[in-house]
**Q** 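Right, I'll just put the structure down here and ask away after.
Here is how names work: the chains are called A, B, and so on, in the same order as the sequence lines, proteins then strands, and each is numbered from 1.
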Amino acid sequence: MPEGHSIRRDATQAKAALGGQVLRASSPQGRFAESAALLDGLVLRATDPHGKHLFLDFAPTPRSKPVRWLHVHRGLYGVWMLQRHDGVEPLPPRGAVRLRLSSETHTADLRGPTACDLVTPPEVQAIHDRLGADPLRPESDPERAWERIHRSRVGIGALLMQQEVVAGVGNVYRAEVLFRARVDPYRQGRDLTRAEWDGIWADLVELMRAGVRSGRIVTTLPQDRERTSGRARRVDAHYVYRRAGEPCRVCGTPVRTAVLVARNLFWCPVCQAH
DNA sequence: TCTGCATGAAAAA
DNA sequence: TTTTCCTGCAGAG
C-alpha cells in the first residue's frame, strides 16, 4: 500500500539490490523505452524518498552520459517487483513492466506507476520544494505544516491529504491518526490547538516509522485488538479505516464513512466528536 | 474463478 | 469533474 512508508522501503531495497553497480535498463512494456536506453549502463548512486515520491540518482560512467535522476511515483497501482537471481537469467517480466533495472544479482521491475520520468536536478528540486513536511525525513519541520494548518478553514482530514502540507500521508494514515488523536476530520485546521497538532505529528512519525519496519500499517493498540474468541488470527490493524458500519473498537458506535476530497473517509462520530 | 473496490495524483475535458 | 495508470486483494460463489 503505497503511502510514505512503502516508498521508503522501496528506496532502501532498491539501493541495497542495485546500488553501486552498472545497471541494465529496459522497458519491456515499451512506454519508457527511450528513457530506459539513456539509463542503460549507468550506476545507481543513491535513492531518496520524499513523501510518496522516489528519486533515484544515477551517476555517469566513464562513457560519460550526463547525470540523470529517475523520478517514480507509484500512484494507486504501481509496484516494484524485486527478484534475486545471482548471475542466472532473471525471470521474464510479468504484466506491463514499464521499467526493468538489473544488476548482476538483482532485477527490479516497475509496473503501473503514475510517474516514471527522467528529470533534471532543477526539476528534482522543484518537486522537493513543492512537498510538505515528511514525517519520515529527519530534517522535516512540522512548523512548516503548522503554518499552513493553523490558518486554514479547510478540514484537518482534507489538509492531511494535501502533499504540500504533509508529504507521505495517505488515506489510511489520515483516518487512523485522527482517530488516535480523537479529532473530528471535519474540524477546520485553524481550530486545532498547537498541542493537538504536535501530538498528531509525533504520532505520524511513530506510526510511519513502524510502517517502514513492518511493511504494513498497524495503528491499533494491543488492548484494542481483541477479536472474537477462537482462531481467526487476523490482526485488527485499524481503528476506523475501511470499517464503515462496524462498531468502534473503543466505544462501540458504528464507524461512519463519507467521501472527502474524492477519498473515502472513516471516523467514529463519538470518539471524534470534536 | 470472478467481480469490484482500493493506498494517488496528474492530465484531460 | 472525469479519465488514466492497469495491480492486488477481499469477498462472493
**Q** When we call it a touch if two heavy atoms are under 4.0 Å apart, what does A:E164 touch: a base, just sugar-phosphate, or nothing?
**A**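 Since no nucleic acid heavy atom lies under 4.0 Å of A:E164, the category is nothing.
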**Q** Based on Watson-Crick and G-U pairs with both distances under 3.5 Å, what dot-bracket line describes DNA chain B 5' to 3', crossing pairs as [ ] and inter-strand pairs as |?
**A** ||||||.|||||.
**Q** P atom, C:dC5 versus B:dA13: distance in rounded Å?
**A**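 Comparing P positions in C:dC5 and B:dA13 gives a spacing of 12 Å.
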**Q** Taking the side chain as everything from C-beta on, heavy atoms only, tell me whether A:F58 gets closer than 4.5 Å to A:L101.
**A**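 With C-beta onward as the side chain, the pair touches.
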**Q** Run the ring-ring contact (aromatic ring centres under 6.0 Å, His included) check on A:F55 and A:H128 step by step: do they pass?
**A** CA-CA 10 Å; A:F55 299 97; A:H128 282 305; 4.7 Å; yes
**Q** To the closest 0.5 Å, what do you measure between CD1 (A:I127) and NE2 (A:H53)?
**A**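 It comes to 6.5 Å.
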**Q** Taking 4.0 Å as the cut-off, does a side-chain nitrogen or oxygen of A:Q163 come that near to OP1 or OP2 on B:dA9?
**A**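 Answer yes for this pair, as a side-chain N or O of A:Q163 is under 4.0 Å from OP1 or OP2.
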**Q** I'd like the P distance from B:dC5 over to C:dT2, given in whole Å.
**A**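 The answer is 16 Å between these two P atoms.
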**Q** At under 4.0 Å between heavy atoms, what does A:G75 touch on the DNA or RNA strands: base, sugar-phosphate, or nothing?
**A**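 The residue A:G75 makes base contact.
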**Q** Using only side-chain N and O atoms of A:R74, determine if any of them is under 4.0 Å from OP1 or OP2 of B:dA6.
**A**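 Result: no.
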**Q** Check every strand shown and say whether A:R263 touches a base, only sugar-phosphate, or nothing at a heavy-atom separation below 4.0 Å.
**A**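 Answer is base: heavy atoms of A:R263 come under 4.0 Å of a base.
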**Q** Any sub-3.5 Å donor-acceptor pair from A:D57's side-chain atoms to A:R45's backbone N or O?
**A**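 Absent.
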**Q** Check the angle between the aromatic planes of A:H150 and A:W146 and answer parallel, tilted or perpendicular using the 30° and 60° thresholds.
**A**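 The arrangement is parallel - the two ring planes meet at less than 30°.
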**Q** For a quick check of understanding: with a heavy-atom distance under 4.0 Å over all strands, which category does A:R31 fall into, base, sugar-phosphate or nothing?
**A**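 Contact class for A:R31: sugar-phosphate only.
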**Q** What integer distance in Å separates A:D117:CG from C:dT4:P?
**A**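 Taking atom P of C:dT4 as the reference, CG of A:D117 is at 19 Å.
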**Q** Tell me if the CD atom of A:E104 is crowded by more than 12 foreign heavy atoms within 6.0 Å.
**A**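 Incorrect, the count does not exceed 12.
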